[in-house]
Amino acid sequence: MAETGHHRHARRLTQGGGRGLPRRWGTLTLALVLLALAPGTPPVPVDARADEVPVGAAAPPAGTAPPAPERVQAQVEPPVDPATQVEVLTQRVRGIEGKLKESAAARKSADQARMEAERRLAEGTQEGARLSAELSRLREAKADLETQLRRAQEQNADTAAQLAATAHQVRDLTTAAAAQTEHEADLERQLEQRQEDQRRGEADLLGRLRAAEQAQSGLRAQLREREGSLTSLSVELGAVKTQRDALDERLKALSALVPAPAGGALTLETAQARSATAAAALRDALTRAEAGGDARLRRTVREAEQALHRAQFTAAQVAEAHSVYRVRPADTLVLIANRIYGDGARWRAIREANRHVLADPDRLTPGLTLVIP
C-alpha cells in the first residue's frame, strides 16, 4: 500500500519528535495518530485535558502506562484536516516532553539530594563510630588515671610517713646546726677581733712607716735593729712552740692518768691494766725480798705497794667505787667483806672488782690494795 503524506508525517513524528519519551508513551501516541489518519475511519478527537499533566503534579515514572483519558467524546464531529490534527498532537507531545524533562530534572535533583543525604549519613555514622572509639579510649584513660591516682595516694601516705621521720631528723639536725652556728659565730667573733687587732697593728705600722719616711736614716738603723729583734723573737717563738708541744704531750700524759670523772681521759680498762702491772711488780718484789731479805729489796717492796695503792686508788675513782683497802696479814675476802659491809657474803663483789690483781682469791698477799665497790 502506498504511503500517504499523513503516514510519512506520523512516521517522522514517532522517529524524531518522540525521542526521549518513554517507550509506552510513544507507542500510545503513534496508535492515536494512525487511528486518526486511517482510511475510512473518522477522526476521534481526544479531549485536550486527557494529555495534560496538572502543574505541580509528579510525572509518571518511567516504564508505566500514562493515565487513562478522563473521557472521549463519542459524538462524531466534522472532519478535521489531518495536517492540523497532527500539528496539534505534535504540540501536545512537545508540551508533554517539556514536562517530562522538568520531571526528570526534578527527579535528578531529588536523587542528588538523596545521595548527599546518604553521604552525610555515612559521614555521621563514621563520626559516631569515631566518637564511640574516642569515648572508649577516654574511659580506659580514666580507669588508668584512677589506678595511677590510687597508687599516688598510697605513695603519698608512704611519703607522709617518711616526711614525718625526716621532720624529726630535721629537728635534730636543726638543733645540732644551731649549736654549730653558735660555735661558728664565736669563731667569727674571735676572727673579727684578730682582724681588728691586725688592722690596728697595720695602722700602727703604717704610721710608723710614714714617720720612717720622714726620717729614713734613723728608721733604717731602727729597722736593722728590729730585724735583729724579729730574728730573736722568731727564735724565741720557736722555742716557745717547742715548749708548748712538750707541755701538750705532758698534758696528754697527765690526762691519761686522771680519771674521766675528774676531767681526764683515763678509762677503767686502762686503770685496771696499770693496777695489774703494779700487782705483778709487787708479787715479784715480794718473791725477791723473801729470797734475799736485805733493806734495798724491802724498800723496793714498799715502793711497789705504794705504786699499787696509787693505781688501785685511781681505778676506784674511775669505777666510782666506795674506797680502797690494803690487805693485812691473815686477811681473807670474807673477813674484809664482814669488816667493810658487815656482811661476809659480799666477798664475791670484792673479788669481781679486783680480778685484775687477784692471782688467787683464797690467798691474799699482805700489802695488796683492793678496790672496795
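Note that the coordinates shown come from a computational prediction; the quantities given were computed from them, not determined experimentally.
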Would a single hydrophobic cluster contain both [Y] and [X], if residues Ile, Leu, Val, Met, Phe, Trp and Tyr are joined by side-chain heavy-atom contacts under 4.5 Å?
| X | Y | answer |
| --- | --- | --- |
| Val357 | Val334 | yes |
| Val324 | Leu333 | no |
| Val318 | Phe313 | no |
| Leu268 | Val371 | no |
| Leu358 | Tyr325 | yes |

Is there side-chain contact between Asn354 and Leu368, with heavy atoms separated by less than 4.5 Å? no

Are the side chains of Leu297 and Val301 in touch, meaning some heavy atoms are under 4.5 Å apart? no

Would the number of heavy atoms belonging to other residues, nucleotides or ligands and lying under 6.0 Å from [atom1] of [X] be above 12?
| X | atom1 | result |
| --- | --- | --- |
| Arg363 | CZ | no |
| Arg226 | CZ | no |
| Tyr341 | OH | yes |

Do you know which two heavy atoms are closest between [X] and [Y], and how far apart they sit?
| X | Y | answer |
| --- | --- | --- |
| Ser275 | Leu308 | O-CD1, 3.4 Å |
| Asp331 | Arg326 | OD2-O, 4.5 Å |
| Pro373 | Ala349 | CG-O, 3.7 Å |
| Ala285 | Ala304 | CB-CB, 4.4 Å |

Check the side chains of Gln312 and His356 for a donor-acceptor pair under 3.5 angstrom, ignoring hydrogens and angles.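 A donor-acceptor contact under 3.5 Å links the two side chains.
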
Salt bridge check: are Arg114 and Glu118 linked by an N-O gap of less than 4.0 Å? yes

Could you tell me whether Asp111 and Lys108 have a side-chain N and a carboxylate O separated by less than 4.0 Å?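 Lys108 and Asp111: not salt-bridged.
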
As an exercise, state the distance from [atom1] of [X] to [atom2] of [Y], rounded to the nearest 0.5 Å.
| X | Y | atom1 | atom2 | value |
| --- | --- | --- | --- | --- |
| Thr90 | Gln85 | OG1 | CD | 10.5 Å |
| Glu236 | Gln243 | CD | CD | 10.5 Å |
| Glu127 | Leu121 | CD | CG | 13.0 Å |
| Leu191 | Asp186 | CG | CG | 11.5 Å |
| Glu303 | Gln306 | CD | CD | 9.0 Å |
| Thr365 | Glu305 | OG1 | CD | 10.0 Å |

Is it true that a side-chain atom of Ser229 and a backbone atom of Glu225 form a donor plus acceptor pair closer than 3.5 Å?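 Yes; judged by distance alone, with no hydrogens or angles, the pair exists.
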
Under a 3.5 Å distance rule, please check whether Ser323 uses its side chain to pair with a backbone N or O of Ile372 as donor and acceptor. no

Arg119 and Glu123: CA distance, side-chain angles, deciding distance, side-chain contact (heavy atoms from CB on, under 4.5 Å) verdict: CA-CA 6 Å; Arg119 183 185 63 81; Glu123 291 179 353; 2.4 Å; yes

Mind running salt bridge (Lys or Arg N to Asp or Glu O under 4.0 Å) on Glu202 and Arg199 for me, showing each step along the way? CA-CA 5 Å; Glu202 290 175 353; Arg199 284 194 293 271; over 6 Å; no

Determine all donor-acceptor pairs shorter than 3.5 Å in which one atom belongs to a side chain in residues 166-174; sequence neighbours excluded.
{"residue": "Thr166", "atom": "OG1", "partner": "Gln162", "partner atom": "O", "Å": "2.6"}
{"residue": "His168", "atom": "ND1", "partner": "Arg171", "partner atom": "NH2", "Å": "3.3"}
{"residue": "Thr174", "atom": "OG1", "partner": "Val170", "partner atom": "O", "Å": "2.5"}

What verdict does the side-chain contact (heavy atoms from CB on, under 4.5 Å) test give for Thr300 and Arg288, after you've listed the backbone C-alpha separation in whole Å, the side-chain angles of each residue and the deciding distance to 0.1 Å? CA-CA 10 Å; Thr300 301; Arg288 286 187 283 111; 4.3 Å; yes

List the steps and the verdict of salt bridge (Lys or Arg N to Asp or Glu O under 4.0 Å) for Arg348 and Glu352. CA-CA 6 Å; Arg348 293 183 179 83; Glu352 292 299 326; over 6 Å; no

Please step through side-chain contact (heavy atoms from CB on, under 4.5 Å) for the pair Glu87 and Gln91, ending with a clear verdict. CA-CA 6 Å; Glu87 183 66 26; Gln91 291 177 358; 3.7 Å; yes

For residues 142-152, tabulate all N or O donor-acceptor pairs below 3.5 Å that involve a side-chain atom, not counting sequence neighbours.
{"residue": "Thr147", "atom": "OG1", "partner": "Ala143", "partner atom": "O", "Å": "3.0"}
{"residue": "Thr147", "atom": "OG1", "partner": "Arg150", "partner atom": "NH2", "Å": "3.3"}

Derivation and outcome, salt bridge (Lys or Arg N to Asp or Glu O under 4.0 Å), residues Arg137 and Glu134: CA-CA 5 Å; Arg137 188 187 64 80; Glu134 182 67 17; 2.3 Å; yes

Could you walk me through whether Asp204 and Arg208 satisfy the salt bridge (Lys or Arg N to Asp or Glu O under 4.0 Å) test, starting with their C-alpha distance in whole Å, then the side-chain angles of each, then the deciding distance to 0.1 Å, before giving a yes or no? CA-CA 6 Å; Asp204 182 59; Arg208 292 181 182 182; 3.0 Å; yes

